[in-house]
Amino acid sequence: MATQFLVRHKEAELIVPAKPTPREIRPLSDIDDQKGHRFHLPMIMFFSYNQFLDEKNPVGVIRDAVAKALVYYYPYAGRLIEGPSDKILVNCTAEGVVFREAIAEVGLDQLRDFMQPPFPYSKEFLVDASDSTEILDSPLMLIQVTRLICGGLVLAIRINHAISDAVGLVQFLNAVSQISKDPLSAPSPLPVWQRWILSARNPPYVTCMHNEFEVEKNSNSCTEPTILASPLNLVRRGFFFGAQEIKAIKKYLPPNIPYATKFDLVTALVWRSRTIALQLDPEEFVTLTYAVNVRGKNKPKLPSGYYGNGFVSPAAVSKVSQLYNNSFVYALELVKKAKHQVTEDFIKSAIDYSVLHGKPGYSTLLKDWIVSDASRTGIDEVDFGWGKPIYGGTMDGGPTFNMTVYSRLRNTQGDDGLVVAVCLPVAAMENFQKEMEKMIKGPMDECNKFWHPKIISML
C-alpha cells in the first residue's frame with residue numbers, strides 16, 4: 001500500500017556555468033538526431049543518512065558542483081534548436097539547467113519497498129518546471145534534490161535524450177561527484193564532443209538490414225490485438241531477476257549453448273512471455289529492439305569522455321506463432337544473433353539508413369518491445385561525498401509503454417539483480433505473470449515483493 005506524505009518544493013532556479021563559456025552552435029550526431037531519441041530520460045538515486053550529510057550542506061554542495069561541472073559540459077546549459085533539413089543543433093547559450101530543492105516528510109524506511117521502477121512518487125521527487133518538458137528551446141536537464149526526515153537524500157535528474165544517453169549522463173554525474181569532493185579539480189575524463197564520429201558518410205549508403213526502422217514491413221496489420229481494445233488501462237510492474245531467477249532460466253539451456261549473458265537470458269524470457277501474454281494473431285510479426293553500446297568498439301572508435309548517444313539498436317523479428325511454439329532457446333538465439341550483428345559496417349549502415357529515411361523513430365505499437373540496459377552505466381556507484389546510493393537507476397522503468405529500461409537493484413535480502421519494468425494491459429499483465437511463474441517454476445515469491453503496479457492511460 002502506498003505511503004502518503006507531504007513534500008515541500010522550493011521554487012525552481014536555473015544553474016548556469018560557474019565561469020564564462022563559449023557561445024556557439026554545435027551539431028549533434030546523426031544518432032543523437034534520430035526521432036526515436038527525442039524524449040526526456042529520468043533517473044533517480046536514494047542516499048542513506050550518514051554524518052557527512054550533517055557536516056556538509058548537500059544541496060549546496062551539489063548546486064555548486066553542477067555549476068562548476070557545466071563549465072566543462074557547457075552544451076548542457078544551452079538549448080536545442082532546429083537547423084536546416086530538420087537537423088537539431090545545440091545553441092550554447094549558457095542559460096542553465098533547472099534545479100529545485102525540496103523537503104519530504106518521509107524516511108527511507110517508508111520508501112524502501114518502493115525504491116525501484118516504477119517509483120510511485122516520481123512526480124513528487126522530480127517536479128516539472130515551466131517549459132522544461134519540450135525538446136526544442138527548453139532546458140536540457142532538470143535536477144531535484146530532496147531532503148528526507150531521516151537525514152537521507154534523494155537526487156532525481158532528467159536529461160534530454162537527444163544530447164546524451166544514460167552513459168553520458170552518468171559521466172556528467174561523476175564529474176559533479178569529483179568536483180563536490182574536490183572543488184578545485186577538473187573532471188576526469190574531460191568531456192569530448194566529436195559528434196561527427198557517429199554521423200553519416202558522404203554519400204550515405206546502406207549495406208545491412210535494419211529491422212529496427214522497418215516496423216511496417218515487419219507487420220501484417222496496422223491494428224493492435226483484441227486484448228488491447230478500449231478502454232485501455234495499462235499497468236507497469238517491476239520484476240526482479242536475481243541469482244535464483246537466473247539459475248531457473250538457465251535450466252532451459254541445452255548443452256550446445258554453454259553461456260549466455262544475464263541480459264540475453266532475461267530479455268529473451270520476457271520478450272517471449274510478453275508476446276504470449278498479449279494473445280496476438282499467430283501470423284503477426286513482432287519486433288524486439290534493444291540498445292547496444294558501441295563504446296569500446298575498435299571502429300568507430302569513440303574517445304574516452306564522449307558523452308553523446310553512443311549506441312545503435314539492432315532488432316530481432318519473429319512471427320508470433322514461432323515464439324509461441326518454439327522453446328525459450330529460439331527467442332534467446334534471436335536475441336544473441338541481433339546483438340552479434342553490431343559490427344563497424346552495421347553501425348555505419350544504421351546511421352546512413354537513418355539519414356536517408358528521414359531519421360525514423362522506433363515502433364510505437366505495444367506488440368513490439370524496446371529495451372535499454374542502464375544497469376551497467378554506474379549510476380549506482382556515484383558518490384558525492386556521503387556514500388553510494390542504495391538504489392540508482394531509472395525512475396519509471398521506461399519513457400513509453402512499449403519501452404523498458406533495465407536497472408540494477410539490491411533487494412531487501414541483499415541479493416543483486418536486474419529489475420525489469422514491463423507495461424501491459426491489465427488482462428495481459430495477468431497472463432504475463434502466469435507465463436513467468438510457469439517458466440521460473442513456481443510462484444516468484446521474491447519477485448512479488450517488488451511488483452508495484454502503476455496504472456497509466458494509453459494516449
Side-chain angles (χ1 to χ4, degrees), residues 1-13 15 42-66 98-128 142-158 170 173-174 176-177 179-181 238 240 242 374 378-397 407-417 419 421 446 448-454:
M1 185 174 179
T3 301
Q4 294 187 353
F5 53 90
L6 178 66
V7 182
R8 295 183 176 88
H9 301 96
K10 293 189 176 181
E11 289 295 320
E13 58 181 296
I15 299 182
M43 308 289 277
I44 193 166
M45 293 176 279
F46 297 86
F47 295 90
S48 298
Y49 166 79
N50 68 36
Q51 64 182 35
F52 294 103
L53 287 168
D54 281 340
E55 296 171 1
K56 301 178 180 181
N57 171 14
V59 177
V61 167
I62 293 174
R63 181 192 288 111
D64 292 345
V66 167
V98 178
F99 184 89
R100 188 189 299 273
E101 180 183 355
I103 299 174
E105 295 184 1
V106 67
L108 281 177
D109 286 344
Q110 296 166 274
L111 297 175
R112 193 171 295 273
D113 285 343
F114 306 99
M115 211 174 292
Q116 63 117 67
F119 182 58
Y121 309 107
S122 57
K123 291 184 179 179
E124 294 294 336
F125 286 89
L126 192 62
V127 176
D128 282 333
L142 174 66
I143 302 169
Q144 181 174 318
V145 181
T146 305
R147 299 293 302 265
L148 307 178
I149 57 173
C150 63
L153 191 77
V154 180
L155 189 152
I157 185 166
R158 191 180 70 198
V170 173
L173 288 172
N174 280 323
V176 175
S177 165
I179 294 171
S180 69
K181 290 179 281 191
F240 179 75
I379 191 170
D380 56 337
E381 300 286 329
V382 177
D383 182 355
F384 297 100
W386 43 82
K388 298 175 183 178
I390 55 177
Y391 171 77
T394 177
M395 179 184 289
D396 295 324
S407 288
R408 182 182 172 192
L409 177 70
R410 173 168 292 181
N411 66 17
T412 52
Q413 281 67 48
D415 299 325
D416 281 323
V419 59
E446 185 57 42
N448 288 332
K449 297 177 183 179
F450 293 93
W451 292 351
H452 299 292
K454 183 177 182 182

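Being a predicted model, the structure only gives us computed values, none of them experimental.
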Practice problem: Could you walk me through whether Arg100 and Ile143 pass side chain to side chain contact (heavy atoms under 4.5 Å, CB included), step by step? | Solution: CA-CA 6 Å; Arg100 188 189 299 273; Ile143 302 169; over 6 Å; no
Self-check item: Lys/Arg N to Asp/Glu carboxylate O, Asp416 vs Arg408, below 4.0 Å
Solution: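 Yes, charged N to carboxylate O under 4.0 Å.
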Quiz item: Are any of the side-chain nitrogens in Arg8 or Glu105 under 4.0 Å away from the carboxylate oxygens of its partner?
Solution: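 Salt bridge present between Arg8 and Glu105.
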How many angstroms lie between atom [atom1] of [X] and atom [atom2] of [Y], to the nearest 0.5 angstrom?
| X | Y | atom1 | atom2 | answer |
| --- | --- | --- | --- | --- |
| Lys56 | Lys181 | NZ | NZ | 8.5 Å |
| Phe46 | Leu155 | CZ | CG | 10.5 Å |
| Leu108 | Phe47 | CG | CZ | 10.5 Å |
| Met43 | Asp380 | CE | CG | 9.5 Å |

May I ask you to test the [X]-[Y] pair for a side-chain heavy-atom distance under 4.5 Å?
| X | Y | answer |
| --- | --- | --- |
| Gln144 | Thr146 | yes |
| Leu153 | Val145 | yes |
| Asp415 | Phe240 | yes |
| Phe99 | Ile62 | yes |
| Ile157 | Leu142 | no |
| Arg63 | Glu13 | yes |
| Leu111 | Val106 | yes |

Exercise. Check whether the side chains of Glu124 and Ser122 place a donor and an acceptor atom closer than 3.5 Å, and report yes or no.
Key: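 Distance-only check fails for Glu124 and Ser122.
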Quiz prompt | Over 12 non-hydrogen atoms of neighbours within 6.0 angstrom of NZ in Lys10 | solution =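 Not more than 12 within 6.0 Å, no.
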Over all heavy atoms of both residues, which pair between [X] and [Y] is shortest? Give the atoms and the distance, please.
| X | Y | result |
| --- | --- | --- |
| Ile149 | Gly107 | CG1-N, 3.8 Å |
| Gln116 | Gly238 | NE2-CA, 3.9 Å |
| Pro42 | Leu126 | CB-CD2, 4.0 Å |
| Ala421 | Gly397 | CB-CA, 3.7 Å |
| Val382 | Ser177 | CG1-CB, 4.0 Å |
| Ile379 | Met45 | O-SD, 3.7 Å |

Quiz prompt | Test salt bridge (charged side-chain N to carboxylate O under 4.0 Å, His left out) applied to Asp128 and Arg158, step by step | solution = CA-CA 10 Å; Asp128 282 333; Arg158 191 180 70 198; 2.5 Å; yes
Output side-chain donor-acceptor pairs under 3.5 Å for residues 383-392, partner residues at least two apart or in another chain, one line each.
unit_1: Asp383; atom_1: OD1; unit_2: Gly385; atom_2: N; d: 2.7
unit_1: Asp383; atom_1: OD1; unit_2: Trp386; atom_2: N; d: 3.2
unit_1: Asp383; atom_1: OD1; unit_2: Gly387; atom_2: N; d: 2.9
unit_1: Lys388; atom_1: NZ; unit_2: Glu381; atom_2: OE1; d: 2.6
unit_1: Tyr391; atom_1: OH; unit_2: Thr394; atom_2: N; d: 3.4
unit_1: Tyr391; atom_1: OH; unit_2: Thr394; atom_2: O; d: 2.8
unit_1: Tyr391; atom_1: OH; unit_2: Ser407; atom_2: OG; d: 3.3

Practice problem: Could you check Tyr121, Phe125, Phe5 and say which one makes a ring pair (Phe, Tyr, Trp, His ring centres under 6.0 Å) with Phe114? | Solution: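 Only one of Tyr121, Phe125, Phe5 forms a ring pair (Phe, Tyr, Trp, His ring centres under 6.0 Å) with Phe114, namely Tyr121.
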